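Since the model is a prediction, treat every value here as computed from it, not as a measurement. Order of the sequence lines sets the chain letters (A, B, ...), proteins ahead of strands, with each chain counted from 1.
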Number of protein chains: 2
Amino acid sequence: MPRPTLRPEAADARAQGLHTIGEAAEATAVSAKMIRHYESIGLMPTAGRTFAGYRLYAESDLHRLRFIKRARTLGFSIKEIEQLLSLWDDRQRASSEVKQLALQHARALEQKIRDMESMRATLTDLARRCHGDNHPECPILEDLAGTSRKATN
Amino acid sequence: MPRPTLRPEAADARAQGLHTIGEAAEATAVSAKMIRHYESIGLMPTAGRTFAGYRLYAESDLHRLRFIKRARTLGFSIKEIEQLLSLWDDRQRASSEVKQLALQHARALEQKIRDMESMRATLTDLARRCHGDNHPECPILEDLAGTSRKATN
DNA sequence: ATGAGGCTTCCCACGGTGGGAAGGTCAAGC
DNA sequence: GCTTGACCTTCCCACCGTGGGAAGCCTCAT
C-alpha cells in the first residue's frame, strides 16, 4: 500500500486538513505509539511527512485507524484485522468472506468464554467452601495441591 | 527458598526416587522448558543437580509443579501463583487471604467474560444481519468503519 | 565404541502495548 | 531576536507466558 510521500510545510499541511500524529491519536483513540507501530507492521500505509519529518494524516487515515480501533475492541487479532481491511479496501468482494471471519471469531470467543466460565465456577465454588477465617484448612489450596477428594472440574 | 544442592551420581538419584526434568515434565504436564523458566524466575526452588549438571526433582517438587499447573489452568497469573504458593508453604496462615485471592480472581474473570460476551453478541448480531452472499454491502464492515447508523455496542 | 535421545545454556520469536532517552521542531511570549 | 514548553522523531527495552532451535555435553543400550 505505497502512497506518494507528501512533503508540504507544516502550515500547508494544516491548510489541507492534514493532522499530526498527536491529533490523529486524539481523534481515533489510538495512541501515537500504536499508530507508528501499525505503520511499521504494514497495517497502516506509510504516512506522508512534512519537510521536518512529521507524519501527516488525512481523514481517510483517521477512518482507517478508527476501523482498526473498533476491530481491536471487538477482539480481532492484528492478522484478522489485516484481512478485514483488505476486504474493506476491496469493496467489490463478496461479503461472505467477512461474515466467515466474523463468525469464526465469534466461535473462538465462545470457546474462551466457556473456558473462563468454567474457571470462574470452580473458583467461586472453592471460595464458597472456604471458611476464610483463621483456620488453616482451605479447600482452595487443597484443590490446587490435588489433595482434595472431590475435584471441581 | 534455597535448598542444598545435591550432587549424586545419576544412578544414586534414581535409587533415591529423584527424577530428571523430562520425567518431571511428563509427570506434571509442565514442559521442561517451563520448569526451567519457573526456576529462573524463582517460582520453583533451585533444583539439585547430578555431577553432570542434570536437574533432579523429588516428589515434593512434582507436587509444587502440579500446583502451579492447576493454578495456571484456573487462569491465575504467575504473580498470583507466587502468593498462593507462599500461602501454601506457610500452612499456619489464615485461609482468608487465599479466599481473598480466589474471589478477586473470580471477579476479574467475570469482567473478562462480560467483555467477551459483549463482543460475541455484537459479532453474531452483525453476522446475522450480513447476507454473506455476493452483494458487497456488509453490516460488519459498516460497523467497523463507523458508517452504520445503528451501533450495536 | 557408537548412536539415539536426553540434558545443558543461550538467544530469538510471538502479540500488543507502554516507557523512556536523546534529539529535532514548532509556536507563543517577551 | 531568543527562550520555553509542547510536540515530534528514532531507537531500545519491558511486560507475560510459551515455544523453537542451535550447539554442545551426558547416559544408556547395543
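- Rounded to whole Å, the distance from CD on A:E26 to C1' on D:dC8 is 16 Å.
- Atom CD of B:E23 is separated from atom P of C:dG5 by 17 Å (rounded to the nearest Å).
- At C:dG24, none of the side-chain N or O atoms of A:R49 fall inside 4.0 Å of OP1 or OP2 (strictly under the cut-off).
- Electrostatic pairing of B:R120 and B:E117 counts as a salt bridge here, judged by a charged N lying under 4.0 Å from a carboxylate O.
- At a cut-off of 3.5 angstrom, the base of C:dG24 holds at least one donor-acceptor pair with the side chain of A:Y54.
- OP1 or OP2 of C:dC7 sits under 4.0 Å from a side-chain N or O of B:T20.
- You'll find the side chain of B:L123 stays beyond 4.5 Å of the side chain of A:R107, heavy atoms only.
- Protein atom NE2 of A:H37 is 15 Å distant from nucleotide atom C1' of D:dC12, rounded to whole Å.
- In this structure, B:I35 atom CD1 and C:dG6 atom P are separated by 14 Å, rounded to whole Å.
- In this entry the distance linking CZ of B:F51 with P of C:dT8 reads 16 Å, nearest Å.
- For A:R72, a side-chain nitrogen or oxygen approaches OP1 or OP2 of C:dG16 to under 4.0 Å.
- Within the structure, ring pair (Phe, Tyr, Trp, His ring centres under 6.0 Å) pairs that include any residue of residues 98-125 of chain B comprise B:F76-B:H105 (at least two apart or interchain).
- Axis angle between the ends of the helix from C:dA1-D:dT30 to C:dC30-D:dG1, five pairs each and rounded to 10 degrees, works out to 30°.
- Each of C:dG15, C:dT17, C:dT9 was ranked by its minimum atom distance to the side chain of A:K79; first place goes to C:dG15.
- Residues B:R114 and B:Q111 have side chains that bring a donor and an acceptor to within less than 3.5 angstrom of each other.
- Side chain of B:R66 to main chain of B:A29: no donor-acceptor pair is present (N/O by atom type, distance under 3.5 Å, no hydrogens or angles).
- Taking atom CG of B:L43 as the reference point, atom C1' of D:dC16 lies 13 Å away to the nearest angstrom.
- Side-chain contact of A:E26 with A:H19: a donor-acceptor pair under 3.5 Å is absent, judged by distance alone.
- A salt bridge links B:R128 and B:D125; the closest N-O separation between the charged side-chain nitrogens and carboxylate oxygens is under 4.0 Å.
- Remark: the backbone N or O of A:V30 is not paired with any side-chain donor or acceptor of A:K69 at under 3.5 angstrom.
- Here the nucleotide nearest the side chain of B:A52, chosen from C:dT17, D:dC8, D:dT27, is D:dT27.
- Regarding A:E39, its CD atom lies at a distance of 12 Å from the C1' atom of D:dT10, rounded to whole Å.
- For the pair A:Y38 and C:dT17, the criterion of a side-chain N or O lying under 4.0 Å from OP1 or OP2 is met.
- For A:M34, the listed nucleotide lying nearest its side chain is C:dG18; candidates were D:dT9, C:dG18, D:dT18.
- Checking the phosphate oxygens (OP1, OP2) of D:dC8, no side-chain nitrogen or oxygen of A:T50 falls inside 4.0 Å.
- The separation between A:I21 atom CD1 and C:dT25 atom C1' is 15 Å, rounded to whole Å.
- Residue-to-nucleotide proximity on DNA chain D shows that, of A:R36 and B:K33, the 5′-proximal contact is made by A:R36.
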